[in-house]
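Below is one structure; the comments refer to it alone.
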Amino acid sequence: MPELPEVETIVRGLARKIVGKTIAGAEVRLARIAVAAPTVDFAAEITGERIVGVRRRGKYAVFELASGSSIVTSLRMTGRLVVARNGQPELPGTHVVLHLNGRARLRFSDVRTFGRMRLVGSHEEWDRELGVEPLSSSFTPEAFIGMLSGRTTPVKALLLDQRRIAGIGNIYACEALWEARIRPSRPSGRLTKPATHRLRRAIVEVLGRAIEMRGTSIDDYVDADGLQGSFQNNLSVYGKTGRPCPRCGASIVRTVLAQRGTWWCRRCQK
DNA sequence: CCGCCGCCCTGCTTGC
DNA sequence: TGCAAGCAGGGCGGCG
């Protein structure tokens with residue numbers, strides 16, 4: 001499932017391929033995927049627009065258009081954004097195709113149809129509820145302490161809450177907590193000061209390393225070229241039920257926390 | 001404000 | 001072997 005490192009990798013690839021191109025037309029094959037304001041036709045509205053930028057915010061890929069509008073794309077679990085030439089084979093479940101100048105096509109596919117491409121106006125604050133970018137200078141120790149302090153919520157649930165930190169999903173929450181040697185169920189407000197610092201650094205470190213490895217491909221994720229990442233080979237605990245902890249050798253367990261599968265080491269995560 | 005729950009959806013895994 | 005139930009999960013709306 002695409003989290004921050006996967007979306008970052010996709011966006012960097014897309015930026016290289018489609019910035020400066022004009023949208024000559026748009027095919028919306030499944031209407032509920034392409035969302036616009038009630039009176040606005042998504043395809044008609046973006047036709048003729050030039051793509052002036054592609055960026056990431058949290059787990060969203062944002063296409064910035066010359067008019068000031070943006071297409072905010074959420075991939076959820078199985079969404080994919082791939083650029084291909086017209087005529088090249090499509091991925092299954094291709095619901096939206098943007099025709100760019102020349103033969104380039106930007107395809108959005110999603111077998112589970114949870115993902116969305118949403119057209120937002122230039123002054124629409126679509127990300128008002130989204131939290132801090134963990135790889136930005138705003139993710140300071142003080143900011144992180146402010147999020148944790150006084151809360152009883154399990155720290156893993158807090159890491160998954162996009163209103164606090166934007167971009168962490170289940171894989172990197174599990175990996176960062178393992179890295180910081182913190183039990184996922186620990187009440188957020190009960191972390192010691194050193195544990196808080198370890199966790200903040202672990203988040204930054206794990207996300208950065210995953211970007212270097214071009215993301216984690218377990219089931220569906222591919223980049224803008226349709227290629228897999230390689231961070232799945234560097235996972236310590238995610239999906240590793242019964243395998244030895246890379247740090248202490250104890251068996252990795254799977255529990256359920258905040259309705260999510262949670263992998264961790266009972267011996268060295270406290 | 002906060003936290004919890006159900007829903008959306010389909011492919012894969014599990015169990016009989 | 002075949003089939004159906006169960007499971008997976010990010011974001012969102014509803015509820016207490």
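Distances from the side chain of A:T153 to the nucleotides C:dG10, B:dG3, C:dG11 place B:dG3 closest. The side chain of A:R76 sits closest to C:dC12 out of B:dC5, B:dG11, C:dC12. Of the listed nucleotides (C:dA8, C:dG10, C:dG11), C:dA8 has the atom at the smallest distance from the side chain of A:R254. Closest to the side chain of A:R151, from the set C:dG9, B:dC2, B:dC9, is B:dC2. In this structure, of B:dC2, C:dG10, C:dG9, it is B:dC2 that holds the atom nearest to the side chain of A:R164.
Checking the phosphate oxygens (OP1, OP2) of C:dG10, no side-chain nitrogen or oxygen of A:Y172 falls inside 4.0 Å. For the OP1/OP2 pair of B:dT10 and a distance below 4.0 Å, the side-chain nitrogens and oxygens of A:T113 include no atom meeting the criterion. In terms of phosphate contacts, A:Q259 brings no side-chain nitrogen or oxygen within less than 4.0 Å of OP1 or OP2 of B:dC4. OP1 and OP2 of C:dG10 both lie 4.0 Å or more from every side-chain N or O belonging to A:Q162.
A distance-only check finds no donor-acceptor pair linking the side chain of A:E45 to the backbone of A:F42 [under 3.5 Å].
Counting heavy atoms of neighbouring residues, nucleotides and ligands inside a 6.0 Å radius, atom NZ of A:K270 exceeds 12 of them.
One can place CG of A:L148 at 14 Å from P of B:dC2, the figure rounded to the nearest angstrom. The nearest whole Å value for the distance from the CG atom in A:L158 to the C1' atom in B:dC2 is 12 Å. As rounded to whole Å, 14 Å separates atom C1' of C:dG13 from atom CZ of A:R116. Distance A:I218 CD1 to C:dG10 C1': 16 Å, rounded to the nearest Å. Rounded to whole angstrom, the span from the CE atom of A:M77 across to the P atom of B:dC7 amounts to 16 Å. If you measure from atom CG of A:D161 to atom P of B:dC4, you get 11 Å, rounded to the nearest angstrom. The CG atom of A:L91 sits 15 Å away from the C1' atom of B:dG11 (whole-angstrom rounding). In this structure, A:R80 atom CZ and B:dT10 atom C1' are separated by 14 Å, rounded to whole Å.
Residue-to-nucleotide proximity on DNA chain C shows that, of A:Y60 and A:F114, the 5′-proximal contact is made by A:F114.
With both pairing distances under 3.5 Å, C:dG2 is matched to B:dC16 as a Watson-Crick or G-U wobble pair.
Note on ring orientation: taking the six-membered ring where Trp is involved, the planes of A:W126 and A:Y60 are perpendicular (angle over 60°, cut-offs 30° and 60°).
Taking 4.0 Å as the cut-off between side-chain N and carboxylate O, A:R214 and A:D223 count as a salt-bridged pair.
When each of A:R105, A:R29, A:R80 is paired with A:E90, the salt bridge (charged side-chain N to carboxylate O under 4.0 Å, His left out) condition holds for A:R29 and for no other.
Donor-acceptor pairing under 3.5 Å, judged by distance alone, is present between the side chain of A:R260 and the base of C:dG10. Judged by distance alone, with hydrogens and angles left aside, A:R112 brings a side-chain donor or acceptor within reach of the base of C:dG9, the pair sitting under 3.5 Å.
Counting any heavy atom pair closer than 4.0 Å across all strands shown, A:R32 reaches sugar-phosphate atoms only and no base atom. Nucleic acid contact for A:N170: sugar-phosphate only, since backbone atoms but no base atoms lie under 4.0 Å from a heavy atom of the residue. A:G169 comes within contact range of no nucleotide atom at all, as no heavy-atom separation falls under 4.0 Å.
One side chain, A:E49 or A:S67, offers a donor N or O that lies under 3.5 Å from an acceptor on the other.
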